[in-house]
Protein chains: 2
Amino acid sequence: MTIGDVARAAGVSRSTVSYALSGKRSISDETRQRIQEAITRLGFTPHAGAQALATAQTKVIGLMLRFHDDEFAPAMLQYVLPLSDTAREMGYDVLMVTDADGAEALRRITKSGKVDGLILLDVAHNDPRLEPLRAAGKPGVLVGLPQDTDGLDILDLDFAAAARMLVDHLQGLGHREIILVTPPLEVFKRGISYSWRFRDAAIERARELGLVLHAHYGESRQPAVGETLNAVLDEHTSATAMIVHNDGSVAALPMVLHERGVRVPEDLSVTSLYSQEFGRTFSLPYTAVETSPRELGRLAVRQLVDRIRDGDGPGPHRVRFLPPTLTDRGSTT
Amino acid sequence: MTIGDVARAAGVSRSTVSYALSGKRSISDETRQRIQEAITRLGFTPHAGAQALATAQTKVIGLMLRFHDDEFAPAMLQYVLPLSDTAREMGYDVLMVTDADGAEALRRITKSGKVDGLILLDVAHNDPRLEPLRAAGKPGVLVGLPQDTDGLDILDLDFAAAARMLVDHLQGLGHREIILVTPPLEVFKRGISYSWRFRDAAIERARELGLVLHAHYGESRQPAVGETLNAVLDEHTSATAMIVHNDGSVAALPMVLHERGVRVPEDLSVTSLYSQEFGRTFSLPYTAVETSPRELGRLAVRQLVDRIRDGDGPGPHRVRFLPPTLTDRGSTT
DNA sequence: CTGAAAGCGCTTACAG
DNA sequence: CTGAAAGCGCTTACAG
């Protein structure tokens, strides 16, 4: 079933069928009818490989992600689904790449022309995928902030603003001593910059406001998560508020507080940073900055598709930080 | 950068380069050396579209999945990652398809020749994707059991055996009255057969053994999950054991039991069905049948790749149930 | 408004 | 052991 079969059935040339399909030149109504009829009758679909060869476009975007032991897996899915759905809306399929060697995988799918562009998730400070991405000559959008942003489109939550927002919120309620649970040390070491962007901004803001802030590394896997939370709570009994910037820790927190007999917000005000969906999945009742994974995913795909369509035209590359918004769930007082 | 450039650089014909790449005919050592050297020096990678056109093979498999509101999203990821990793090991990339209209999406990627084969996740009793799959003439492996298994390769956990195993386990410990929390009603309605395969086998076994078994639908989203669990526990105060066959419910259970002051296993023996990884993510301490998502994913990809390679040759299609195994975490007595 | 033909970059019989 | 050439199924200047 090729375009030639359709052409024969409709009594036209193959080029006419092709143009009817693409709309790139005008076709008489009658011819278009005959072609359309033949296409539906024969159930014709163009061969993707042939199209890719002829046009140098695949209509596929690559989605590069990794799962690390120091990450809390369920959080990743929140980004993947909106990305996939948005891509489809815009006429693109998604090639999901989870290779351990991301740089090599990027080279592979890019040089073989398997994708028109790439979305990199969980980008690190010195991400090894950036060199091959720059060399690839294909557009890429990053979620996560690297050190060198030159020539790249980047999208991320404004974690510094989020941290300040939470500190301000607690300060406004009269809290003077706050516990901050950060991502695990390994996440810092891997160079995931949101970990220190959030922490450093929180520390800075607390200092400005004259607050005491105790920063501690969280953990991502049980039983270390619970043990660490308990140890931190034991150490700072005079703290009246908590900011949890770590998926694994916040998911485990309700149980830990329950076991300690700590009531929220009567005994402790708790704030965090997670999406509405994440909160619902884990039954989290905390006032938190919304991470908007759905919006981030949509924006990333839109940006990428714009780049793909416009060649290198749609203006300068840019780093874009989504402004945080606070969802008050009544866990602070 | 095409195969012609390599050929010129190595002083051979394009066909010789092609054969050197594929190994489909013998090449003199010296020629092979020169070609290899040229390939690495020029950084050549064959164009995937051209290969697909010439060979009618894409080296891509389609992964078809959906996320339903009545499902607990984190569970899905456990299958996706092993599938992706295994595919890569076997030389395949993964096109992830999450379209709402799975049947249409299957037709699209299959007719356009974007994939060599398909893996269908979360297959329903009368799954609309099966008709286009059968018509596609491409191999497909299903995870989940449909009504009509004719001509299909199917892989699933043996949920009936799992249910019997748990009932037997509890009966062996002397329990006479058991609560069963099943998947939500909507999952039954959607035709996801594991829901009734497990429930019916549990009921049947309980009857055989003369046990009382109360089956109730679980929920997947808060706050309904907790409310339902509490209602069920309120209703059957004399029950001494529980079987939870529902991700959302079991994830919420520790908190619910904690709030009720129910100790496990002293006051209540609890069993469930989940993977080790899922249990670790949600800090679940229950004796459970292991769902082996990693193994299932690996087997599915292996089976699919075998089919792709052997055309229609590798023997009859088959339904394969993985035997359940019990992981005792000490939550029963 | 439409067609004939070249070209995209591979693979693989066919010949030697 | 190697090469010249046809063919995979499209798209798109070029011509009319």
Side-chain angles (χ1 to χ4, degrees), chain A residues 1-36 38-39 42-60 91 108-116 137-138 309, chain B residues 1-36 38-39 42-60 91 108-116 137 309 311:
Chain A
M1 182 55 42
T2 76
I3 201 173
D5 298 318
V6 175
R8 200 173 312 116
V12 296
S13 73
R14 298 186 306 158
S15 56
T16 301
V17 176
S18 178
Y19 284 117
L21 243 24
S22 69
K24 286 188 181 171
R25 81 180 181 192
S26 43
I27 311 272
S28 73
D29 268 0
E30 194 228 313
T31 306
R32 187 201 316 288
Q33 299 277 317
R34 283 212 316 281
I35 292 174
Q36 201 44 256
I39 285 175
L42 300 177
F44 168 74
T45 307
H47 186 277
Q51 276 183 317
L53 184 54
T55 64
Q57 288 244 337
T58 61
K59 289 293 188 173
V60 175
R108 181 173 55 78
I109 64 172
T110 232
K111 293 178 59 178
S112 63
K114 274 196 160 172
V115 298
D116 296 334
K138 305 244 184 206
R309 286 188 180 149
Chain B
M1 183 53 45
T2 76
I3 202 172
D5 298 319
V6 175
R8 200 172 313 115
V12 297
S13 73
R14 297 185 307 157
S15 55
T16 302
V17 176
S18 177
Y19 284 118
L21 243 25
S22 69
K24 286 189 182 173
R25 79 179 182 193
S26 41
I27 312 271
S28 73
D29 269 0
E30 195 228 313
T31 306
R32 186 200 317 289
Q33 299 277 317
R34 283 211 316 282
I35 292 173
Q36 200 44 256
I39 285 175
L42 299 178
F44 168 73
T45 307
H47 186 277
Q51 276 184 318
L53 183 55
T55 65
Q57 289 245 333
T58 61
K59 289 290 188 176
V60 175
R108 181 173 55 78
I109 65 172
T110 233
K111 291 179 60 180
S112 64
K114 274 196 162 173
V115 298
D116 296 335
R309 286 189 181 148

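Just so it is clear: chains get the letters A, B, ... in the order the sequence lines come, proteins before strands, and each one is counted from 1.
Rounding to whole angstrom units, CD1 of residue B/Ile3 and P of C/dC8 are separated by 15 Å. Summarising the geometry, the separation between CD1 on B/Ile39 and C1' on C/dG9 is reported as 14 Å, rounded to the nearest angstrom. Across the protein-nucleic acid pair, B/His47 atom NE2 and D/dG9 atom C1' stand 14 Å apart, rounded to whole Å. Counting to the nearest Å, the C1' atom of D/dG9 and the CG atom of A/Leu21 are 12 Å from each other. To the nearest angstrom, P of C/dC8 lies 10 Å from CZ of B/Arg14. Across the protein-nucleic acid pair, B/Met1 atom CE and C/dC10 atom C1' stand 15 Å apart, rounded to whole Å. Distance CG (B/Leu53) to C1' (D/dG9): 5 Å, rounded to an integer number of Å. Spacing between atom CG of A/Asp5 and atom P of D/dC8 amounts to 11 Å, rounded to whole angstrom units.
In this structure, B/Ser28 reaches the sugar-phosphate backbone alone: every heavy-atom distance under 4.0 Å involves primed, P, OP1 or OP2 atoms, never a base. Across all strands, A/Ser22 comes closer than 4.0 Å to no nucleic acid atom at all (heavy-atom distances). Among the atoms of the strands shown, base atoms are found under 4.0 Å from some heavy atom of A/Ser18.
Taking 4.0 angstrom as the limit, B/Ser26 places a side-chain polar atom (N or O) nearer than this to OP1 or OP2 of D/dC1. The side chain of B/Gln51 places no N or O atom within less than 4.0 Å of a non-bridging phosphate oxygen (OP1 or OP2) of C/dG9. The phosphate of C/dG3 has OP1 or OP2 within less than 4.0 Å of a side-chain N or O from A/Ser13. For the pair A/Thr16 and C/dG3, the criterion of a side-chain N or O lying under 4.0 Å from OP1 or OP2 is met. In terms of phosphate contacts, B/Lys24 brings no side-chain nitrogen or oxygen within less than 4.0 Å of OP1 or OP2 of C/dT11. Regarding contacts with the backbone of D/dT2, a side-chain N or O of B/Thr31 is found under 4.0 angstrom from either OP1 or OP2.
Of all heavy-atom pairs spanning B/Ile39 and B/Leu21, the tightest one is CD1-CD1, 3.4 Å.
Note that OG of A/Ser28 and CZ of A/Arg34 are 7.5 Å apart. Values are rounded to the nearest 0.5 Å. Distance CD1/B/Ile27 to CD/B/Gln33: 12.5 Å, rounded to 0.5 Å. Distance OG1/A/Thr45 to CD1/A/Ile3: 11.5 Å, rounded to 0.5 Å. In this structure, CG in A/Asp116 is found 9.5 Å from OG1 in A/Thr110, a value given to the nearest 0.5 Å.
Here the side chain of A/Arg25 is nearest to one of C/dA6, C/dT11, C/dG3, namely C/dG3. For A/Tyr19, the side-chain atoms get nearest to D/dA13 when compared with the rest of C/dG9, D/dT2, D/dA13. Of the candidate nucleotides D/dC10, C/dC10, D/dG3, D/dC10 has the atom lying nearest to any side-chain atom of A/Pro46. Taking the side chain of A/Ala54 as heavy atoms from C-beta on, and the options C/dA13, C/dG3, C/dC8, the nearest nucleotide is C/dC8.
Shown here, D/dA13 forms no base pair; nothing in the strands shown gives a Watson-Crick or G-U wobble contact with both key distances under 3.5 Å.
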Give the intermediate values and the outcome of side-chain contact (heavy atoms from CB on, under 4.5 Å) for residues A/Arg25 and A/Thr16. CA-CA 9 Å; A/Arg25 81 180 181 192; A/Thr16 301; 4.3 Å; yes

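Counting distance only, with no hydrogens placed and no angle test, the side-chain atoms of B/Ser15 and the base atoms of D/dA5 include no donor-acceptor pair under 3.5 Å.
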